[in-house]
Amino acid sequence: MAEFQGLDFLLLDDLLSDEERLARESVREWVSREFLPRVQEHVRRDGSFPMELVPAMAELGLFGANLEGYGCAGMNNVAYGLVMQELERGDSGLRSFASVQGSLCMYPIHAYGSDAQKERWLPAMAAGRAIGCFGLTEPDFGSFAQGMRTRAERRGGSWVLNGTKRWITNGSVADVAVVWARTEDGVRGFLVEKGTPGFAAPDIKGKFSLRASVTSELYLKDVEVPEENRLPKAEGMKGPLSCLTQARYGIAWGALGAGMACYDEVLQYTRERVVQGGPLAGKQLTQEKLVFMLTELTKGQLLALRVGRLKDEGRLHHTMVSMAKRNNVDVALQVARLARDLLGANGIVDDYQAMRHMVNLETVRTYEGTHDVHTLILGEHITGHRAL
Ligand SMILES: Cc1cc2nc3c(=O)[nH]c(=O)nc-3n(C[C@H](O)[C@H](O)[C@H](O)COP(=O)(O)OP(=O)(O)OC[C@H]3O[C@@H](n4cnc5c(N)ncnc54)[C@H](O)[C@@H]3O)c2cc1C
């Protein structure tokens, strides 16, 4: 296949600054050069992430890229979104690694942590010397995370944590886990370090989706952490939910990257594939599919760009992120399914990207608020009725 062409039907590049375009181009080039040649091997090895790329990702400023200080790149939110798009053009697992590190672990420490916690973790995490994970979901509580059973109880100057978290990206490779637990004062966030007695993070195997990503359980049995490990400014579900808004914003861009990879691949393929005396691209049914892909991805780009500009202006409401995540993941998944279909039998092997992106996007549709959950968030926002 020829080099990835990108997709800019409405000349949206005109609306980007030089810095924003440069951020996108440098990550695009790196993903093509360093990540894509490795992804097949890692997908075949269930649940393995190319950890050797972490230093280069840090060098590119990919960890906590839109945070200020502590060695973070301090990009604006549009540049950050474009970076997430390019990472997910490689693989949803690659973007997930950066999202969890930056939006779900560094962000809560940045927003809710003490000065000591920030000094200890943020520079190390920005440099890729420390890896983080985010433990909110439990076996019995995913969409309804506020039902969590994990508890933290005071014991002198410490906290004792008990419970199980499940589906935790980077769990077993993380040096620190942001664990959300119920206390007598409501939900609070705790930094649980690898190796703390009673804390274990076994991996979940057998995934069809997000195979180039580590997914783990977190077991906490009488895990004692000092008061200094509690995030002092995080109170109630607002803490974890604000992290999710950050990550969901990145996903709204990221999913477009996966969709763009599929569109690019299948456009090239159908031009070259000859069926019934002519190129597949010359058939009316094919063109209808390609035009659908182009149109939906372009509409998704407009949505992501507008939401990004509003985020930079401080005018973003979390429901706007819900709309962008819900729509863009949905259209990317439709694009991936159509691309897989147009590739015919070739579409089921990993020499082509479409099926890998397609099964990855099934996870992306589920995590960070399922498609349905974002429907309910938006439905409640516009009607005033909580439809649970
Ligand atoms: C690969 C992977 C990585 C993940 N990484 C992380 C991570 O790093 N940290 C973390 O904390 N979590 C993580 N998750 C968990 C993820 O956020 C949850 O899976 C998600 O929130 C959905 O929860 P659930 O799986 O329990 O599904 P459920 O909540 O049981 O949902 C099942 C179905 O019911 C629907 N549903 C739910 N509630 C309603 C309702 N009120 N009305 C109608 N329909 C409803 C849902 O839309 C869905 O279709 C990850 C998940 C995966 C698959």
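We count ligands from 1, going down the list as the structure has it; atoms in each ligand are counted the same way.
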Considering only protein heavy atoms, which is closest to atom 38 (N) of ligand 1, and at what distance to one decimal place? S143 CB, 3.9 Å
In the protein, what heavy atom is nearest to atom 49 (O) of ligand 1, and what distance, to one decimal place, separates them? D372 OD2, 3.4 Å
Kindly state if atom 8 (O) of ligand 1 has a protein heavy atom within a strict 4.0 Å cut-off, that is, under 4.0 Å? yes
Co-membership, hydrophobic cluster, residues F144 and L241, 4.5 Å side-chain: no
So for ligand 1, is W167 a polar contact partner (N or O within less than 3.5 Å, distance only)? yes
Would you kindly check if the NZ (Lys) or CZ (Arg) of R89 is within the cone defined by 45 degrees around the ring axis of F4 and under 6.0 Å from the six-membered ring centre? yes
Taking only heavy atoms of L136 into account, list the atoms of ligand 1 that are under 4.0 Å away from them. 11 (O)
Quick check on the hydrophobic clustering: are I377 and Y367 connected, directly or via other members, by side-chain heavy-atom contacts under 4.5 Å? no
For atom 45 (C) of ligand 1, is the nearest protein heavy atom under 4.0 Å away? no
Are any of the protein's heavy atoms under 4.0 angstrom from atom 33 (C) of ligand 1, yes or no? no
Cluster link I131 to F49, ILVMFWY, side chain under 4.5 Å: yes
Under 4.0 Å to a heavy atom of Y367 - the qualifying atoms of ligand 1, by number: 2 (C), 3 (C), 4 (C), 16 (C), 17 (O), 50 (C), 51 (C)
Quick one: does ligand 1 sit under 4.0 Å from the side chain of T137, the backbone, both or neither, non-hydrogen atoms only? both
Provide, to 0.1 Å, the distance between atom 23 (O) of ligand 1 and the closest protein heavy atom, together with that atom's residue and name. G142 CA, 3.2 Å
Which residue and heavy atom of the protein sit nearest atom 20 (C) of ligand 1, plus the separation: T366 O, 3.5 Å
Step through the shown structure and confirm whether more than 12 heavy atoms of other residues, nucleotides or ligands are within 6.0 Å of CD on E3. no
Heavy-atom distances under 4.0 Å are what count here, so tell me which part of T363 touches ligand 1: side chain, backbone, both or neither. side chain
Salt-bridge contact D13-R24 (side-chain N to carboxylate O under 4.0 Å): yes
Is L210 close to ligand 1, meaning an N/O of one under 3.5 Å from an N/O of the other? no
Side chain, backbone, both or neither: which part of H371 has a heavy atom under 4.0 Å from ligand 1? neither
Does Y249 have K311 sitting over its ring (NZ/CZ under 6.0 Å from centre, angle to axis within 45°)? yes
Pair F190 + W159: ring centers closer than 6.0 Å: yes
Can you list the ligand 1 atoms lying under 4.0 Å from a non-hydrogen atom of E368? 17 (O)
Which residue and atom name correspond to the protein heavy atom nearest atom 47 (O) of ligand 1, and how close is it? T370 OG1, 2.7 Å
If you measure every N/O of T169 against every N/O of ligand 1, is any gap under 3.5 Å? yes
Ion pair check, R356 and D350, cut-off under 4.0 Å: no
Proximal ligand 1 atoms for I168, defined as those under 4.0 Å from one of its heavy atoms: 7 (C), 8 (O), 9 (N), 10 (C), 11 (O)
Flag G369 as yes when one of its N or O atoms lies below 3.5 Å from any N or O atom of ligand 1, and as no otherwise. no
Before you tell me yes or no, could you show the steps for K165 and T137 under side-chain contact (heavy atoms from CB on, under 4.5 Å), namely the whole-Å CA-CA distance, both residues' side-chain angles and the distance that decides it to 0.1 Å? CA-CA 6 Å; K165 299 290 179 181; T137 305; over 6 Å; no
Under a 4.0 Å N-O cut-off, is there an ion pair linking R151 with E153? yes
Write out the residue and atom name of the closest protein heavy atom to atom 41 (N) of ligand 1, then the distance separating them to 0.1 Å. L376 CD1, 3.7 Å
When the ring planes of Y70 and H110 are compared, do they come out parallel, tilted or perpendicular, using 30° and 60° as the limits? perpendicular
